[in-house]
Amino acid sequence: MRIHKIAAIPADGIGPEVIAAGLEVLNALASHDGGFKFDIEHFPWSSDYYLEHGYYIPEGGLEQLKAFDAIFFGAVGSQQVPDHVSLWGLRLPIAQGFDQYANVRPARVLPGVQSPLKGGEDIDWVIVRENSEGEYAGNGGRTHRGLPIETATETAVFTRAGVERIHRFAFELAQKRPAKHLTLVTKSNAQRFGMVMWDEIFYEVAADFPDVKVDRELVDAVTTRMVLKPKTLDVIVATNLHADILSDLAAALSGSLGIGPTANLNPERAFPSMFEPIHGSAFDITGKGIANPVATFWTAAMMLEHLGEQGAAKRLMQAIEAVTADKVHTPDLGGKATTADVTRAVCEFIRAGK
Ligand code: NAI
Ligand code: MG
């Protein structure tokens, strides 16, 4: 019996709702398969926990997480805590502390789902986001606080090692896809240093992947290409900030923010990787039981792949697609189904073993 140790951190808003749904589906897969099971431990780290204790992650918390094979994360963000405090208190210390430098974000229009885009069925992208430095390196500060001369700096940090490893990762990923096409996205016309180095290193790495077709686009221009010529894109590699923005657009174009999954990978496996839906806490629908769990299911499939359970990952994707095709849709997709309805339908498909 293969046992996978999972740390579940549901955290805030709809996080606990979608993570509970995700765990239900994962356990259904394990029972159906019979060859593996999950050893799941819940961590209560959240904004409520922060308001009570003064910290999101207790001392030694990261050390505790190291013992797990993967982290299954909901969302962090609360109306009672400033967003930069919650993000830097919980999600970023894990992603950066565990050097999860490759953030992988697939976007595809699932069967039965309507893209807001004419020609949306052509969307089949993977956005590779640099996840450890760049604009979110946390480098900067504020001086002269409260005075008329108050000054704030936010310095993007790009290291040769950091840039090279994300490009190499993106090329390897692109090489495994049928289209073998990688688009470099930067803003190297206006930003002359970090972005130009990104471009240079991209072409250095490209020499090792002669079978991958490459092109480049400025970040503003690529938004129009995503909308007007979705079929011309396959894998995109971009910086932390750029890819953050592009992947929300990609999720919306593929039907809803409630569908987009993400994997925060430490490809060397020196630390556990973290799997989460790309959406946030969604205050407007918290507690209503209507959060779309598909993003969480899809990220669970990515987690299964990472854990070496390719068969179960494939079965889960089939189950998700059968259920979206069947129009078991939550309100964000124009349907009336609840989180529980979608979860039940996915579990039934898995148990039926079709
Ligand atoms: P959001 O993703 O929480 O919500 C944006 C819109 O999408 C809302 O109308 C929401 O109802 C809808 N939506 C999101 N997920 C959905 C789902 N699964 N099913 C149906 N509808 C869904 O983004 P927003 O409003 O910008 O941020 C809310 C909070 O979440 C903030 O505190 C923010 O900092 C945090 N956040 C956390 C993230 C994370 O933990 N990785 C990522 C994004 C935001
Ligand atoms: Mg984002």
Side-chain angles (χ1 to χ4, degrees), residues 8-22 25 43 45-51 56-57 71-96 98 100 103-105 107 110 113-114 116 127 129 131 136 240-241 243-265 273-300 302 320 323-324 328-343 346:
I9 311 179
D12 297 339
I14 61 170
E17 301 170 37
V18 294
I19 289 299
V25 161
F43 290 81
W45 308 341
S46 65
S47 293
D48 283 344
Y49 182 92
Y50 165 79
L51 290 169
Y56 278 87
I57 303 179
I71 301 160
F72 197 38
F73 189 87
V76 65
S78 152
Q79 281 159 318
Q80 275 77 52
V81 182
D83 282 343
H84 66 275
V85 173
S86 55
L87 197 67
W88 282 96
L90 184 56
R91 195 183 156 273
L92 287 178
I94 300 173
Q96 298 189 348
F98 286 172
Q100 295 164 347
N103 186 196
V104 180
R105 301 183 155 201
L110 299 176
V113 173
Q114 184 67 46
I127 297 178
R129 165 182 175 187
N131 209 30
Y136 299 172
N240 216 332
L241 170 68
D244 188 3
I245 298 167
L246 296 179
S247 52
D248 270 33
L249 174 60
L253 293 177
S254 50
S256 167
L257 204 51
I259 286 180
T262 186
N264 301 278
L265 301 177
S273 293
M274 176 162 64
F275 300 82
E276 55 171 345
I278 78 166
H279 63 71
S281 318
F283 312 130
D284 50 338
I285 57 166
T286 299
K288 294 189 177 158
I290 53 165
N292 192 342
V294 167
T296 304
F297 296 164
W298 192 346
T299 197
M302 295 174 86
I320 294 169
V323 168
T324 56
V328 186
H329 290 178
T330 43
D332 55 308
L333 293 174
K336 288 202 167 70
T338 61
T339 312
D341 294 334
V342 180
T343 308
V346 169

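Start at 1 and go down the list; that is how both ligands and their atoms are numbered.
With a 4.5 Å cut-off on side-chain heavy atoms, I57 and I94 count as touching. A 4.5 Å side-chain heavy-atom check between M274 and I9 finds every atom pair outside the cut-off. I14 is listed as a side-chain neighbour of H279, based on a closest heavy-atom distance under 4.5 Å. You'll find the side chain of T299 reaches within 4.5 Å of the side chain of F72, heavy atoms only. Side-chain contact between W298 and P277 is absent, with no heavy-atom pair separated by less than 4.5 Å. W88 places none of its side-chain heavy atoms less than 4.5 Å from the side chain of V76.
The distance criterion of under 3.5 Å between nitrogen or oxygen atoms is met by A282 with respect to ligand 1. Not one N or O of G77 is nearer than 3.5 Å to an N or O of ligand 1, by distance alone. For ligand 1, the polar-atom distance check finds an N/O of G280 within less than 3.5 Å of one of the ligand's N/O atoms.
Under a 4.0 Å heavy-atom criterion, I285 is in contact with ligand 1. Residue A295 places no heavy atom under 4.0 Å from ligand 1. Close to ligand 1: I278, with a non-hydrogen atom less than 4.0 angstrom away.
Residue contacts with ligand 1 for D83 involve side-chain atoms from C-beta outward but no N, CA, C or O (heavy atoms, distance under 4.0 Å). Here D332 has side-chain heavy atoms under 4.0 Å from ligand 1, and that is the only part of it that gets that close.
Distances below 4.0 Å separate heavy atoms of R91 from the following atoms of ligand 1: 41 (N). Less than 4.0 angstrom separates some heavy atom of I14 from each of these atoms of ligand 1: 15 (N), 16 (C), 17 (C), 18 (N). Contact atoms of ligand 1 toward E276: 41 (N) (distance under 4.0 Å to a heavy atom of the residue). Applying the 4.0 Å criterion to heavy atoms of F283 picks out, from ligand 1, the atoms 28 (C), 29 (C), 31 (C), 32 (O). Close approach of ligand 1 to A75 (heavy-atom distance below 4.0 Å) involves ligand atoms 40 (O). Proximity to A291 (heavy-atom distance under 4.0 Å) selects the following atoms of ligand 1: 19 (N).
Atom-to-atom distance recorded for D341:CG and I290:CD1 is 11.5 Å, nearest 0.5 angstrom.
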List, one per line, each side-chain donor-acceptor pair under 3.5 Å for residues 329-336, sequence neighbours excluded.
{"from": "H329", "atom 1": "NE2", "to": "T324", "atom 2": "O", "distance (Å)": "2.8"}
{"from": "T330", "atom 1": "OG1", "to": "N292", "atom 2": "ND2", "distance (Å)": "3.4"}
{"from": "T330", "atom 1": "OG1", "to": "D332", "atom 2": "OD1", "distance (Å)": "2.5"}
{"from": "D332", "atom 1": "OD2", "to": "S256", "atom 2": "OG", "distance (Å)": "2.6"}
{"from": "D332", "atom 1": "OD2", "to": "N292", "atom 2": "ND2", "distance (Å)": "3.0"}

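In this structure, the side chain of N103 does not engage the main chain of N131 through any donor-acceptor pair within 3.5 Å.
Within the structure, salt bridge (charged side-chain N to carboxylate O under 4.0 Å, His left out) contacts touching residues 71-91 (residues at least two apart or in different chains) are R91-E276.
Of the candidates L90, N292, V81, L257, the one placing a heavy atom closest to atom 7 (O) of ligand 1 is L257.
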